[in-house]
Asks: 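Mind having a look at this structure? Questions to follow.
Labels below follow one simple rule: chain letters A, B, ... track the order of the sequence lines, proteins then strands, and each chain is numbered from 1.
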Amino acid sequence: MAKHDKAKRGIPSKDDFNAWYPAIVEIADLVDKRYPIKGMDVWKPYGWKAMTLIDTLTRAEMERTDHEEYNFPLLVPEDLLDKENRLVSLLKKAREEGVDPSELRLDEEEGGFKKEVYWVKHAGENELDVPMFLRPTSETPMYTMFPLWVRSHGDLPLKTFQIVNTFRYETKQTRSFIRVREIHFFEAHTAHKDQAGADEQITQDAEIVQNLLHDLCFPAIVSKRPLWDTFPGAWYSTAVDVVMPNGRTLQVATYHHYKDQWAKAFDLKYEDTNGQTQFCHQTTFGMSERMLGAVVGMHGDDAGLIFPPKIAPIQVVLMPVAAHLDHTVAPTIEEMAAQLKAAGFRVKVDNRDIRPGAKHYDWEIKGVPLRLELGPRDIKSGQFVMSMRTGGKEFHDSSELINVVSDALTRTENELRVRSAAHMSHFVIPFPGITQTDGGWQLNSDLEDGKVYEFAFDGNDSDAEILERASGLTFLGDCIEPFAEPRPCAVTGRMTTRRQHLARMY
RNA sequence: GGGCCCGUGGGUUAGUCUGGUCUAUGCUAGAUCGUUUGGGACGAUUUGACCCAGGUUCGAAUCCUGGCGGGCCCA
């Protein structure tokens, strides 16, 4: 019966995540996908509010860590790209020469991101001499300006960020928030006096990510990406992967340590206290609307979304019941709303002339953490009814309103953290191991679909390739939380604490 | 990168194989009025669609080609 009713709303079961996800983002009114360009959804107010609340958390972290917000132009002239291309091919060559050959893969992609950018080649009636492209990320425009701003050690560290839209011409299947062509993007770019300064920044980035994940109430796997999977411009890259309900991992954040390689390409240098010219060391840190995609996937259930309170566009919805029978209901509920607003909560009064049940279902779909009901009965008893989106219906005294709501939002956060931790341990399981036989490498048992496999690994690139081939999965890299005790490497058998994961990535 | 499927009111769906009886069906949503309101209300009235461009044909939602859009599978 209940199932049938839900079917009317068109929400598939979350077990069928590939159907649930695209349906829920539209039914919950986060986006409208009908804009006639693939991968460019219209943000509806409810979805945009959630995104801007995530941005607000991000901005608070940036403020805390002394980054300053900039806003760079959207268009980049093609010739600026030459520096970057030269750098990348140079670094690629250097890597091929300087690095243990076993760390190399032969099939590295060519041509950088030229294939995946949008070009502006005309202006009015004229064809442009120098075509421009829409930023897919802002290294090039930013590092064109940085040398103009950095002259002395006193100008460092330079800590910048911006929250803007970037563009990538995705040809694959697109998915709201997860793979889109116009990306709501956060990027922090910093320049430091030396490598230690950049190292410190990377540590700080890791901390910022953990703070955000705490507010969004889910865990992630943080890994140093394997060298073969690292952007050639980076010295090393650290990625933050969330495990979605279908077992695929979603990379929601990355931070790169660039060392001084970009500074050399873009001539970003300063004069130190000894009057010597030095190259800067740089980092970048990127996140995107994928964070919202992770929130949707991680916390939602068969009844709809569940927003973590910190980013819930509406934290508390108030529903008058049978207000026509008692004329004190409407003013009382307005008074409650006013109290809650004054206490800093995001509140909505649902005055719609529909049955209370319909309201409950609506706000459940939209993932509002708390629903308060007030009717004539409650006015008499001096109480109100509170339904929690994570489950449970409670009666409380009206005098306790603020405390009850505040406490219930905290309980919601804790419950979401418990659930997402359980979710994670359900999906991340030990790797069954692999054995070399006469016929080649054989998995010790078949792998389950939709799981992330965890194991100790200390091999080289060809060892890694053996595992990727045999499993059909991809290496996430060296987890920043190694095993407490050494274990035998899955391929070489050498004892190691290096924790690694194989997963199917988005 | 390779293969496959799909496109009908806001959403969903029938009709497409076998061209005409389809200015197009049901559900849902929307609008108006009335009765209603403690977990998806009911009645009456009503608005609203064949993705785009070519082609085949006396005749195309239906067949063919291309574009755009959506989705799936494999690498």
Asks: Between B:U37, B:G40, B:G39, which nucleotide has the shortest distance from any of its atoms to the side chain of A:Asp362?
Replies: B:G40
Asks: Establish, from distance only, whether the side-chain atoms of A:Tyr506 and A:Asn246 form a donor-acceptor pair under 3.5 Å.
Replies: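 Yes - a donor-acceptor pair under 3.5 Å links their side chains.
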Asks: What's the closest nucleotide to the side chain of A:Glu364 if the choices are B:G70, B:G39, B:G40?
Replies: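 Output: B:G39.
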Asks: Taking atom CG as the centre, does A:Asn444 end up with more than 12 heavy-atom neighbours from other residues, nucleotides or ligands that are less than 6.0 angstrom away?
Replies: yes
Asks: To the nearest 0.5 Å, what is the distance between NZ on A:Lys38 and OG1 on A:Thr171?
Replies: 7.5 Å
Asks: Assign A:Gly472 to base, sugar-phosphate, or nothing according to its heavy-atom contacts below 4.0 angstrom with the strands shown.
Replies: nothing
Asks: Can you work out whether A:Glu373 or A:Thr174 has the more 5'-proximal nearest nucleotide on RNA chain B?
Replies: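 With A:Glu373 and A:Thr174 compared, the 5'-side residue is A:Glu373.
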Asks: RNA chain B: A:Pro356 or A:Arg175, which has the more 5' nearest nucleotide?
Replies: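 Mapping each residue to its closest nucleotide by heavy atoms, the 5'-most match is A:Pro356.
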Asks: Hey, does A:Arg371 reach any base, or is it just sugar-phosphate, or nothing, if we go heavy atoms under 4.0 Å?
Replies: base
Asks: Using the C1' atom as the reference point in each nucleotide, state the distance between B:C5 and B:C22 in Å, no decimals.
Replies: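 The answer is 25 Å between these two C1' atoms.
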Asks: How far does CE of A:Met51 sit from CG of A:Leu292, to the nearest 0.5 angstrom?
Replies: 6.0 Å
Asks: Please list residues of residues 375-386 of chain A whose heavy atoms come under 4.0 Å from any atom in RNA chain B, ordered by number; otherwise none.
Replies: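 Here the set is A:Gly375, A:Pro376, A:Arg377, A:Asp378, A:Val385.
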Asks: Find out whether the Lys NZ or Arg CZ of A:Arg135 is both under 6.0 angstrom from the six-membered ring centre of A:Phe185 and within 45° of the ring's axis.
Replies: no
Asks: If only side-chain N and O atoms of A:Arg355 are considered, is one of them under 4.0 Å from the OP1 or OP2 phosphate oxygen of B:G38?
Replies: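 Yes.
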Asks: Using the benzene-type ring in the case of Trp, are the ring centres of A:Phe177 and A:Trp43 under 6.0 Å apart?
Replies: yes
Asks: Can you tell me how far P of B:G38 sits from CG of A:Leu325, to the nearest Å?
Replies: 10 Å
Asks: Rounded to whole angstroms, how far apart are NE2 on A:His327 and C1' on B:U37?
Replies: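 That distance rounds to 14 Å.
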Asks: Which pairs, protein N/O on one side and nucleotides 9-11 of chain B N/O on the other, fall under 3.5 Å?
Replies:
residue : atom : partner : partner atom : Å
B:G10   : O3'  : A:Arg34 : NH1          : 2.7
B:G10   : O2'  : A:Arg34 : NH1          : 2.8

Asks: For ring-ring contact (aromatic ring centres under 6.0 Å, His included), just list the numbers for A:Phe457 and A:Phe475, CA-CA rounded to whole Å, side-chain angles, deciding distance to a tenth of an Å, and then say yes or no.
Replies: CA-CA 11 Å; A:Phe457 178 78; A:Phe475 261 85; 5.0 Å; yes
Asks: By nearest atom, which of the nucleotides B:C74, B:G39, B:U37 is closest to the A:Arg504 side chain?
Replies: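 The listed nucleotide nearest to A:Arg504's side chain is B:C74.
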Asks: Under the ring pair (Phe, Tyr, Trp, His ring centres under 6.0 Å) rule, collect the residues that match up with A:Tyr255, sequence neighbours excluded.
Replies: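 For A:Tyr255, the residues satisfying ring pair (Phe, Tyr, Trp, His ring centres under 6.0 Å) (neighbours in sequence not counted) are A:Phe285.
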Asks: At what distance, to the nearest 0.5 angstrom, does CZ of A:Phe427 lie from NE2 of A:His423?
Replies: 5.0 Å
